[in-house]
Amino acid sequence: MAQIQVQHQPPVTAPNGVAANAGGAPGQFVSTSLYVGDLDQNVTDSQLYDLFNQVGQVVSVRVCRDLSTRRSLGYGYVNYSNPQDAARALDVLNFTPLNNKSIRIMYSHRDPSIRKSGTGNIFIKNLDKAIDHKALHDTFSSFGNILSCKIATDGTGQSKGYGFVQFDSEEAAQSAIDKLNGMLINDKPVFVGHFLRKQERDGAWNKTKFNNVYVKNISESTTEDDLKKIFGEHGQITSVVVMRDGDGKSRCFGFVNFEDPDAAAKAVDNLNGKKFDEKEWYVGKAQKKYERELELKERFEQSMKEASDKFQGVNLYIKNLDDSISDEKLKELFSDYGTVTSCKVMRDPDGNSRGSGFVAFSTTEEASRALAEMNGKMVVSKPLYVALAQRKEERRARLQAQFSQMRPVAMAPSVAPRMPVYPPGAPGLGQQFLYGQGRHLHR
DNA sequence: AATGAGCGC
């Protein structure tokens, strides 16, 4: 069972702090430092210590936490005094439940390049639900050294019937795929293949055959006949169109339909990126309208996420702003504390200040100093409110939490009237407020 | 049907 060779000489420490691979089997790793992942939120340092100290001499443990919130990041480290104990712990304690959740142990590897590369990573599906992490590990360990392995589970720990094994080499992964794909395990034929990210799978999907080709960035003078001539070299064309506006002016894109999908693919390969009349053509598979919308939406959401990641910790939310404060004035107010990279007063459609805005700094240090110094400061007529800007989801989560706090107060009668009915002279706004919230919660 | 997470003092 133990696959990690025992070291008889002291480990040689590499410059990065990880013990060098002195004498281990090829690709195997000799170290005293373990990474422990998939930790339940509430697992503590002492729980880690108590568990891991049972199988060897633990030097130190830690559950990693967010610096400001102290929330567990769901992983930690255990350091042993010798590599044999670390190897034994990995072998014996991997997948032990802690707070009812299986922990996943790996050697600590600070260099993220192996993880990021995804080399040797495989995906297994159609697994019998009775197969657990350990069984998966045992089944696949004969093909090579496993760095990490797990079964996808639901909240209760029940298998979802698929899982992942990361080997330390591509060869091991390939031989596992060759030997096990399609084999029966517990009477079920399992799928075993390389792990693919979503977009890589989409890429494979996009390689499905197509006849219709989209061409854009053509010059305004390019005609159907020009397209026919250029695209026609790659195969039989069934239709060509250059899209035009009401006046017949080219919109500089068009479609070419081929009889044979292989010809369409060849045309894309050969013509995409080529220059005609100084214009670099984009030539690709024509998308259905919904496909294009989906792609644009995904791209938009991606860039929004990147933008909000970029602002994480450097963007301040300001409210209680005097109406006279402009973007420029706001920037001026905050530029004492650092480099203001963007600045905006929120306005209604008529251009009136909404009394709130955002100021972004180039570093989190500047932002937190500005927050500390400017929050509550009198500006023109009133004290500023300054806080770290929240991302949309965070704000939604917070508001939701507030709503649920209010629920006991806002509770509607067990049989709620369809519409709020106000007795004459009743404080209508209060009623409306309460029912409005109740409805929102049950949306 | 299903394609994770992820490295410190």
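Each chain gets a letter, A, B and so on, in the order its sequence line appears, and its residues count up from 1. These figures come from a predicted structure and were not determined experimentally.
Here A:Asn79 lies in heavy-atom contact (under 4.0 Å) with a base. If you check every strand for non-hydrogen atoms under 4.0 Å, A:Phe164 touches a base. Among the atoms of the strands shown, base atoms are found under 4.0 Å from some heavy atom of A:Lys150. Residue-level contact check: A:Gly161 touches the bases, meaning some heavy atom is under 4.0 Å from a base atom. Contact annotation for A:Asn121: base contact, defined as any heavy-atom pair under 4.0 Å involving a base atom.
Judged by the 6.0 Å distance and 45° axis criteria, A:Lys150 is not positioned over the aromatic ring of A:Phe164. Judged by the 6.0 Å and 45° rule, A:Lys319 forms a cation-pi pair with A:Tyr385. By the 6.0 Å and 45° rule, A:Lys134 does not stack over the aromatic ring of A:Phe95.
Side chains of A:Gln174 and A:Ile177 form a contact here, defined as non-hydrogen atoms less than 4.5 Å apart.
Ion pair A:Arg88/A:Asp91 not flagged as a salt bridge, since none of the NZ, NE, NH1 or NH2 atoms sits closer than 4.0 Å to an Asp/Glu carboxylate oxygen.
Between chain A and DNA chain B, the heavy-atom contact criterion of under 4.0 Å yields a 5' to 3' nucleotide range of B:dA2 to B:dC9.
For A:Val283 against A:Asn272, the heavy-atom pair with the smallest separation is N-OD1, 2.9 Å.
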